[in-house]
Amino acid sequence: MTHRFLWTAALAFICFTLAAPTFAQDQWASYPGKAGPGKGKNIVLNAGDEEYRSEEEMPMLGQILAQRHGFNCTVLFAVNKETGRINPNELTNIPGMNKLDAADLVIIQTRFRELPDADMKHFVDYVNSGKPIIGLRTATHAFNYKDNKDSPYAKYSYNSKDWSGGFGRQVLGETWISHHGSHANQGTRGIINDKVKDHPALRGVHDLFGVSDVYGVTKLPDDAQVLVYGEVTTGLNPADPPAPPAPDKKSGKMVDKNNPMQPVVWVREYRSESGKPARVMCSTLASAIDFENEGLRRLVVNAAYWGVGLEDKIPSEGTNVQLVGEYHPSGFHFFDVKQHGDSMPKPSDLTLGAPVGQNDRTLPGGKAAPPPMK
């Protein structure tokens with residue numbers, strides 16, 4: 001009887017093991033630092049948005065920071081709990097948030113995430129540590145606690161009333177406001193603010209351009225320094241001219257989207273609840289396809305140096321941002337799980353030097369993005 005019970009239990013365990021999802025590999029991507037000024041420092045890059053393909057740009061940036069500059073980089077992703085594949089639409093599961101406990105810098109591009117309290121605590125503890133943060137594009141509206149409104153971290157929501165504008169406004173400097181440029185029709189030309197042109201993050205940064213449109217900004221904190229303004233262009237190519245004044249569709253009044261131009265990159269010092277000051281940079285110019293632009297890659301890598309206090313190590317011509325492997329970024333559009341879910345990689349697939357990106361250059365409305373920027 002005992003033997004029969006043991007065989008039955010063993011068979012049940014085997015069946016359960018075969019049926020249950022198992023993840024033999026890490027659910028994040030790790031890139032150990034090679035040689036460089038960043039040796040010994042840890043960067044966590046947190047991807048998780050449904051539209052701008054942060055799951056493509058973050059591994060690319062992580063590999064550059066590790067191989068060209070010596071930082072140990074860990075990339076976190078929104079992951080399907082059943083398959084272990086990257087799923088940008090997964091709002092509540094970003095494995096590896098505990099990696100932030102040992103981070104010296106966090107680069108975040110999430111959108112409307114609602115993480116379990118145990119995971120979110122790692123992020124909040126990091127924010128309160130006084131360590132640097134780089135927020136990209138949708139990080140202005142990184143969180144949205146619409147289901148668990150009693151969470152102690154609900155105030156991090158982009159539309160928080162208790163902590164006005166949540167993480168985006170309180171920490172980065174602004175929350176989600178609007179598309180100032182016409183989404184998927186007008187691009188962004190970065191105009192460097194001549195008053196702060198000597199800021200370390202701007203060394204060697206030229207010809208900034210992004211296919212994603214300019215975001216609207218209301219008022220940045222008094223301590224914010226605008227590094228780059230966004231000139232709205234007539235189209236999605238770097239050679240396109242500035243958008244001229246045009247009648248507003250609703251009011252009919254003439255509107256000049258370039259007067260005044262909106263800030264698209266700024267820096268500030270955030271003083272957390274602990275009282276410790278943190279260096280912060282935010283760029284609303286950031287999608288996977290935008291990072292074909294060398295200037296944007298250099299801006300973020302320079303900012304990583306500046307954030308961790310290594311600005312004196314940034315060369316006068318700026319940092320090396322040569323791609324480590326093939327980069328085939330996709331255009332921005334909302335992710336279709338039914339169409340692309342099975343083709344998405346697992347984080348462990350994104351090894352050093354492996355091709356990054358789905359190379360689907362589709363924009364909203366089925367429009368094709370321009371050819372890769374050189």
Side-chain angles (χ1 to χ4, degrees), residues 51-53 56-57 60-61 64 136-137 178-197 199 201-217 226-249 254-266 283-303 317-323 326-333 356-374:
E51 187 173 10
Y52 293 101
R53 306 281 71 85
E56 296 180 359
E57 72 193 45
M60 176 273 295
L61 288 171
I64 291 174
L136 301 178
R137 190 80 175 169
S178 65
H179 288 284
H180 182 70
S182 178
H183 190 52
N185 295 304
Q186 294 176 318
T188 300
R189 180 175 294 112
I191 305 297
I192 292 175
N193 182 0
D194 195 57
K195 295 179 181 178
V196 292
K197 63 183 180 181
H199 192 281
L202 293 174
R203 284 181 201 159
V205 174
H206 307 288
D207 301 321
L208 274 174
F209 185 83
V211 176
S212 58
D213 58 284
V214 175
Y215 269 2
V217 172
V226 178
L227 301 187
V228 182
Y229 289 95
E231 182 179 67
V232 178
T233 57
T234 56
L236 303 178
N237 290 285
D240 287 335
D248 180 75
K249 291 181 179 180
M254 295 297 290
V255 174
D256 187 349
K257 293 183 178 180
N258 289 317
N259 187 22
M261 285 189 284
Q262 302 290 296
V264 293
V265 182
W266 61 87
S283 172
T284 60
L285 175 61
S287 72
I289 201 167
D290 291 344
F291 277 103
E292 290 177 326
N293 179 269
E294 182 178 312
L296 183 56
R297 297 198 302 272
R298 181 163 293 118
L299 175 76
V300 173
V301 174
N302 285 355
E317 69 275 14
T319 49
N320 178 358
V321 292
Q322 181 183 354
L323 296 171
E326 294 181 25
Y327 183 51
H328 305 291
S330 299
F332 49 86
H333 55 269
V356 175
Q358 301 294 300
N359 199 26
D360 172 11
R361 301 181 75 83
T362 307
L363 300 177
K367 178 188 299 184
M373 291 179 273
K374 302 297 183 183

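Being a predicted model, the structure only gives us computed values, none of them experimental. Values reported hereafter were calculated over all heavy atoms of this structure, with side chains retained and with hydrogens, waters and symmetry mates removed.
- At least one side-chain heavy atom of L208 sits less than 4.5 Å from a side-chain heavy atom of V228.
- For K367, the NZ atom sits in a packed shell: over 12 heavy atoms of surrounding residues, nucleotides or ligands are nearer than 6.0 Å.
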Test side chain to side chain contact (heavy atoms under 4.5 Å, CB included) applied to S283 and V300, step by step: CA-CA 9 Å; S283 172; V300 173; 5.7 Å; no

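- Put simply, the side chain of N185 never gets that close to the backbone of G235: no donor and acceptor are under 3.5 Å apart.
- Ion pairing between E294 and R298 holds under the 4.0 Å rule for side-chain N and carboxylate O.
- Using a cutoff of 4.0 Å between basic side-chain nitrogens and carboxylate oxygens, R137 and D213 are scored as salt-bridged.
- Residues I64 and L323 meet the side-chain proximity criterion, which asks for heavy atoms closer than 4.5 Å.
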Full working for ring-ring contact (aromatic ring centres under 6.0 Å, His included) between Y215 and H180: CA-CA 5 Å; Y215 269 2; H180 182 70; over 10 Å; no

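- A 4.5 Å side-chain heavy-atom check between V196 and V226 finds every atom pair outside the cut-off.
- With E57 contributing its side chain and A288 its backbone, the two residues share a donor-acceptor pair below 3.5 Å.
- Checked by atom type and distance alone, the side chain of Q262 pairs as donor or acceptor with a backbone atom of V217 at under 3.5 Å.
- Remark: side-chain polar atoms of Q358 are not paired, donor with acceptor, to backbone N or O of P329 under 3.5 angstrom.
- Atom NE2 of residue H328 and atom CE of residue M60 lie 12.5 Å apart, to the nearest 0.5 angstrom.
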